[in-house]
Amino acid sequence: MSNRTTLTHFLLLGFSDIWELHFVVFLVIYLAVLMGNLLIITAVALDHHLHTPMYFFLVNLSIIDLGSISVTLPKSMVNSLINSRSISYAGCVTQVFFLIFLVGTDFSLLTIMAYDRYIAICQPLHYESVMNRRACVQMAASAWIGGILYAALHTGNTFAVTFCAGNIVDQFFCEIPQLLKLACSDLYLGEIGALIFSACIGLICFVFIIVSYVQIFNTVLRIPSEQGRHKAFSTCLPHLTVVSLSLFTGVFAYLKPTSSSASGLDLVVAVLYSVVPPMMNPVIYSMRNKEIKSSLRRLTVGKLFTQN
């Protein structure tokens, strides 16, 4: 009988020496992400002024951010509290599926949001007809469905292999490259091929985003109003930063040769692609967004008047 069928759990990367600091840091990050994204969802849901395509996609992005960070951090925090490193086989499968699903959907939405900004800035007269309600729903649904299929492919390929090199995962969550280090059969080459194909798709999307932003910047530079140029750049540049961070750290984590021992660089890269984007998106799209801030102020003032 193979180890794959008898394996009941994996051991994640432990932080036993600094478990209190590990728990506090992850808790602060998790609460900040929850609060920031819930504020965005609440503002857009309750303020009809924000019922536009850009904010529709932003709500989808916030839901994904809430989900992706909830896949990894809570389990790691619980393990640190009970001084454990264990995660069940089923729990590991679930982590891999939902993380890949949400990260893949996230990047698809970031690509769609770049297209939305391109139409809004470069073809403003066609914006309402191109980015109508039906088109927005179809694009968002395509991103979610594509993410499910993408996750099913990678999860199936990963757990089809036989694990015979132990059950210690050198990461604070179940990450595909670290799991493949435990494989003892050539079947994992199928997953390597799938990862390379996914990286190519990601790079194609990134090129599309870059081309969109080149067109946007060319248009913005012709705007006579300095305030208009500043508004456009302040929207586009942070978006491009998050896209670049998500893609290149993810590609590096999943395609770089894996070492036989735990690496501090692996941990840093995992945090950069799985924790930092959900933490940065609320800052970029709410703290730097005057419409979101105005909406939150109106909702707060309205609530105060209602209570009085």
Peer 1: Verify the cluster assignment for Ile148 and Leu99: are they in a single hydrophobic cluster under the rule of side-chain heavy atoms below 4.5 Å apart?
Peer 2: yes

Peer 1: Within the structure provided, determine whether Met35 and Leu39 are in side-chain contact (heavy-atom separation under 4.5 Å).
Peer 2: yes

Peer 1: Where do Cys122 and Thr219 come nearest, in terms of heavy atoms and distance?
Peer 2: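 Closest approach of Cys122 to Thr219: SG-OG1, 3.3 Å.
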
Peer 1: Any non-hydrogen side-chain atom of Leu102 less than 4.5 Å from a side-chain atom of Val71?
Peer 2: yes

Peer 1: Please check this pair: side chain of Ser80 against backbone of Met77, looking for a donor-acceptor N/O pair closer than 3.5 Å.
Peer 2: yes

Peer 1: Compute the ring centroids of Phe163 and Phe10, then answer whether they are less than 6.0 Å apart.
Peer 2: yes

Peer 1: Do Val268 and Ile176 land in one hydrophobic cluster if side-chain heavy atoms of ILVMFWY residues count as linked below 4.5 Å?
Peer 2: yes

Peer 1: State, to 0.1 Å, how close Ser76 and Phe26 come at their nearest heavy-atom pair, and which atoms those are.
Peer 2: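 Minimum heavy-atom contact is OG-CE2, 3.6 Å.
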
Peer 1: Can you tell me which residue among Ile119, Ile112, Thr111 is in a side-chain contact (heavy atoms from CB on, under 4.5 Å) with Tyr115?
Peer 2: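 Among the candidates, only Ile119 passes.
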
Peer 1: In terms of the angle between their ring planes, are Tyr89 and Phe159 parallel, tilted or perpendicular, with boundaries placed at 30° and 60°?
Peer 2: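 Correct class here is perpendicular.
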
Peer 1: Are the side chains of His154 and Phe97 in touch, meaning some heavy atoms are under 4.5 Å apart?
Peer 2: no

Peer 1: Using atom types as modelled and distance alone, determine if a side-chain donor or acceptor of Gln171 lies under 3.5 Å from a backbone N or O of Gln178.
Peer 2: no

Peer 1: Between atom CZ of Arg85 and atom CG of Asn79, what is the distance when rounded to the nearest 0.5 Å?
Peer 2: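 One finds 9.5 Å between CZ of Arg85 and CG of Asn79.
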
Peer 1: Could you pull out the closest heavy-atom pair between Ser62 and Ile41, with the gap in Å?
Peer 2: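 For Ser62 and Ile41, the tightest heavy-atom pair comes out as CB-CG1, 3.8 Å.
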
Peer 1: Do Val78 and Ser84 come within less than 4.5 Å of each other through their side chains, counting heavy atoms only?
Peer 2: no

Peer 1: Should Ile63 and Trp144 count as side-chain neighbours, where that means a heavy-atom distance under 4.5 Å?
Peer 2: yes

Peer 1: Can you name the closest pair of heavy atoms from Leu50 and Tyr55 and give their distance?
Peer 2: O-CB, 3.1 Å

Peer 1: Phe206 and Phe248: aromatic ring centres closer than 6.0 Å?
Peer 2: yes

Peer 1: Let me know which of Leu245, Leu247, Val251 forms a side-chain contact (heavy atoms from CB on, under 4.5 Å) with Thr249.
Peer 2: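 When Leu245, Leu247, Val251 are each tested with Thr249, the side-chain contact (heavy atoms from CB on, under 4.5 Å) holds only for Leu245.
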
Peer 1: Are Ile216 and Tyr213 close enough that some pair of their side-chain heavy atoms sits under 4.5 Å apart?
Peer 2: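 A side-chain contact under 4.5 Å exists here.
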
Peer 1: Say whether Val207 and Leu203 are linked into one hydrophobic cluster, either directly or through other cluster members, by side-chain heavy-atom distances under 4.5 angstrom.
Peer 2: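 No, because Val207 and Leu203 fall into different hydrophobic clusters, even though each may have its own neighbours under 4.5 Å.
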
Peer 1: Is it the case that the side chain of Ser68 and the backbone of Asp65 share a donor-acceptor pair, with hydrogens and angles ignored and the cut-off at 3.5 Å?
Peer 2: yes

Peer 1: Donor-acceptor pair, distance only, cut-off 3.5 Å: does the side chain of Asn60 make one with the backbone of Phe56?
Peer 2: yes

Peer 1: List the atom of Met131, the atom of Asp116, and the distance in Å for their closest heavy-atom pair.
Peer 2: CE-OD1, 3.5 Å

Peer 1: Between Val96 and Cys174, what is the shortest heavy-atom contact and its length?
Peer 2: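 Scanning both residues, the minimum pair turns out to be CG2-O, 3.6 Å.
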
Peer 1: Does atom OH of Tyr127 have more than 12 heavy-atom neighbours, drawn from other residues, nucleotides or ligands, at distances under 6.0 Å?
Peer 2: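 Atom OH in Tyr127 is packed in, count exceeds 12.
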
Peer 1: Ignoring hydrogens and geometry, is there a side-chain-to-backbone donor-acceptor pair from Asn37 to Leu66 under 3.5 Å?
Peer 2: no

Peer 1: Does the side chain of Ile69 reach to within under 4.5 Å of the side chain of Tyr30, using non-hydrogen atoms?
Peer 2: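 The answer is yes, as the side chains (C-beta and beyond) meet within the 4.5 Å cut-off.
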
Peer 1: Would you call Thr8 and Asn167 a side-chain contact if the rule is heavy atoms closer than 4.5 Å?
Peer 2: no

Peer 1: Rounded to the nearest 0.5 Å, what's the gap from CG on Leu12 to CD on Glu175? Could you check?
Peer 2: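 Rounded to the nearest 0.5 Å, the CG-CD separation comes to 11.0 Å.
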
Peer 1: Checking the side chain of His51 only, and the main-chain atoms of Val44 only, is there a donor and an acceptor separated by less than 3.5 Å?
Peer 2: yes

Peer 1: Can you tell me if Asn132 uses its side chain to pair, donor with acceptor, with the backbone of Ser129 under 3.5 Å?
Peer 2: yes

Peer 1: For Glu128, does the CD atom have more than 12 heavy-atom neighbours from other residues, nucleotides or ligands under 6.0 Å away?
Peer 2: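 Not more than 12 within 6.0 Å, no.
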
